[in-house]
Novice: 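If you scroll down you'll find the structure; I have some questions about it.
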Amino acid sequence: MLEDDDRPARRETVVVRSEFDPGAKERELRAESSSWETSVVVDAEPGDIPVVDISAYVESGSEADLATVAALVNDACETVGFFQLIGHTVQTDLIDSTFDAVRAFHDLPVDEKQQIAMDGADWPLGGVGYLGLRSRKLPSRDRGNLNEAFLIKGQEGIGVDDNQWLADDVLPGFRTTVETYASAVNELALRLLPIYATALGLDPSFFSDAFRDPTWRLRMTHYPPDQFGADDNPGAGAEYGIAPHVDTTFFTLLLQDGPGLTIYSHPRDEWITAPVVEGAYVVNSGELLKHWTNDRYLSVRHFANNDAHVSRYSIPFFYNATASHPMECLPTCCSDDNPPKYPPISYGESQAVAQGE
Ligand SMILES: O=C(O)CCC(=O)C(=O)O
Ligand SMILES: [Fe+2]
């Protein structure tokens, strides 16, 4: 153990903010992703993607139950980067009605959806609204992503009314359902924070300040059927439902109604498909949690395809700290022997990195 006076000065271990170049990081991730070989994919074996049941903790709120789930989450984030979350607080009826609303949205004629096209000249807020099929963004790639999506977001100073919505009579009830779901999943995310704090050896309330005004994005994605691997499709194999990427998030909470999500398993050193577990969230940690934990938690690459003869829908919720909150290396994740590898940037400062969101 070093004496106080022998400690390296803090400025030697912390990179100053201006040294973080989000554009360079985006280019680096993009270049890296194009080198990932994805042709061999195997089914996950039981245990490859841990299942974490939080029902006992939700029910009791006890320290003992918190410690039990936190240990499971810690292990999942350190070794796999993904887990399936069950026993959570979002009601099955709400999940079902949200999927129904998302299906109804995507059943609308494209012209109708294009009325609220993302990043149109007449809407001041970027990154929200309808993203058409074969879009080359989110993640940005040379080849289009074979999905279409509707996105809403919220953050410090941005509320639901700032998003693009269809006119009320186009799809009655759609906005109410999506808003109700967004509230419920935000509430779940907030309840998971003490689990992550405990998992990291911190006080359960550690993240309360950082998430006072969280930065979140909800994506409602449709992957059309039969676009991959079909014999009569000359582009088979060349395009993805969503191209391989890592998420920029603290964590992502994803609902899926059919198979297609494929993740890179570090323990196996191969790509595995995430099983569809009824009512479960597929949870993964992203780049921001990786940075905040000094690489202790994984941010794992993944992609999705839809080989099925029916449409696939997925609803990822991307969750981040308050946009202006500086994320300085967590106290339990750095030491004299393990100095911070990343600058204490905020989510707002790192937003150019939009691989998966
Ligand atoms: O649809 C999926 O299963 C994955 C979606 C995803 O990774 C994303 O939108 O970031
Ligand atoms: Fe993703």
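Counting starts at 1 for both ligands and their atoms, in listed order. Note that the numbering runs from 1 along the sequence shown for the chain. Basis for what follows: all heavy atoms, side chains included, without hydrogens, waters or symmetry-related copies. Only a predicted model underlies this, so the values are computations on that prediction, with no experimental measurement involved.
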Novice: What is the name of the N/O/S atom in His245 that sits closest to the Fe ion (ligand 2)?
Specialist: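 Per the distance ranking, His245 contributes NE2 as its closest N/O/S atom to the Fe ion (ligand 2).
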Novice: Is it true that the side chains of Ser285 and Tyr196 contain a donor and an acceptor less than 3.5 Å apart?
Specialist: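 On atom types as modelled, these side chains do not qualify, holding no pair under 3.5 Å.
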Novice: Which angle, to the nearest 10 degrees, do you find at the Fe ion (ligand 2) between NE2 in His302 and OD1 in Asp247?
Specialist: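 Nearest ten degrees: 90°.
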Novice: At a 4.0 Å threshold, what atoms of ligand 1 neighbour a non-hydrogen atom of Ser314?
Specialist: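 Counting atoms of ligand 1 from 1, those under 4.0 Å from Ser314 are 1 (O), 2 (C).
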Novice: Mark the output for Phe303 as yes if a heavy-atom distance to ligand 1 is under 4.0 Å, and as no if none is.
Specialist: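 In this structure, Phe303 fails to qualify as a contact of ligand 1 - no heavy atom is under 4.0 Å.
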Novice: May I ask whether Gln256 places a heavy atom under 4.0 Å from ligand 1?
Specialist: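 No; Gln256 lies far enough from ligand 1 that no heavy-atom distance drops under 4.0 Å.
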Novice: Heavy-atom contacts with Asp247 under 4.0 Å: which atoms of ligand 1 show up? List them by number with element.
Specialist: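 Answer, ordered by atom number: 10 (O).
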Novice: With a cut-off of 4.0 Å, which atoms of ligand 1 are near a heavy atom of His302?
Specialist: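 Going through ligand 1 atom by atom, the ones under 4.0 Å from His302 are 7 (O).
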Novice: If we ignore angles and hydrogens, is there a donor and acceptor under 3.5 Å between the side chains of Asn338 and Arg296?
Specialist: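 Note: Asn338 and Arg296 side chains miss the donor-acceptor criterion.
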Novice: Distance alone, cut at 3.5 Å: any donor-acceptor contact between the side chains of Asp247 and Thr252?
Specialist: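 Yes, Thr252 and Asp247 have a side-chain donor paired with an acceptor closer than 3.5 Å.
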Novice: Could you go step by step and tell me if Asn305 and Tyr223 meet the side chain to side chain donor-acceptor pair (under 3.5 Å) rule?
Specialist: CA-CA 8 Å; Asn305 276 338; Tyr223 298 87; over 6 Å; no
Novice: Within the 4.0 Å heavy-atom shell around Leu261, which atoms of ligand 1 are there?
Specialist: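 Counting from 1, the qualifying ligand atoms are 3 (O), 4 (C).
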Novice: I need the atoms of ligand 1 closer than 4.0 Å to a non-hydrogen atom of Leu254, numbered in the order shown.
Specialist: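 That gives atoms 2 (C), 3 (O), 4 (C), 5 (C) of ligand 1.
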Novice: At a 4.0 Å cut-off, with the gap strictly under it, does some heavy atom of Thr221 reach an atom of ligand 1?
Specialist: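 Checking ligand 1 against Thr221, which is what was asked, there is no heavy-atom contact under 4.0 Å.
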Novice: May I ask which of Phe318, Tyr223, Phe317, Tyr313 has a heavy atom nearer to atom 2 (C) of ligand 1 than the others do?
Specialist: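 Selected option, by shortest heavy-atom distance: Tyr223.
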Novice: Of the choices His245, Arg301, Arg312, which has the non-hydrogen atom that lies closest to atom 8 (C) of ligand 1?
Specialist: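 Among His245, Arg301, Arg312, the closest heavy atom to atom 8 (C) of ligand 1 belongs to His245.
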Novice: Less than 3.5 Å apart, any donor N or O on the side chain of Tyr297 or Asn74 sitting next to an acceptor on the other?
Specialist: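 Side-chain D/A pair, Tyr297 to Asn74: present.
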Novice: Heavy-atom distances under 4.0 Å decide this one: backbone, side chain, both or neither, for Asn147 against ligand 1?
Specialist: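 None of Asn147 does.
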Novice: Checking side chain to side chain donor-acceptor pair (under 3.5 Å) for the pair Tyr130/Gln114: CA distance, chi angles, key distance, verdict?
Specialist: CA-CA 7 Å; Tyr130 176 65; Gln114 286 292 357; 5.2 Å; no
Novice: What I want to check is whether the side chains of Ser335 and Asp337 have a donor and an acceptor closer together than 3.5 Å.
Specialist: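 On atom types as modelled, these side chains do not qualify, holding no pair under 3.5 Å.
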Novice: Going by distance alone, is a donor N or O of one side chain under 3.5 Å from an acceptor N or O of the other, for Asp65 and Ser60?
Specialist: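 Yes.
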Novice: Please confirm whether Pro316 approaches ligand 1 to less than 4.0 Å, judged on its heavy atoms.
Specialist: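 A heavy atom of Pro316 does come that close to ligand 1.
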Novice: Does atom CG (Asp107) have a neighbourhood of more than 12 heavy atoms from anything else shown, all under 6.0 Å?
Specialist: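 Atom CG in Asp107 is packed in, count exceeds 12.
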Novice: Under a 3.5 Å cutoff, is there a donor and acceptor pairing between the side chains of Glu349 and Ser346?
Specialist: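 Looking only at side-chain atoms, Ser346 and Glu349 do form a donor-acceptor pair, the distance falling under 3.5 Å.
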Novice: Considering only heavy atoms, does Ile242 approach ligand 1 within less than 4.0 Å through its side chain, its backbone, both, or neither?
Specialist: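 Only the side chain of Ile242 comes within reach of ligand 1.
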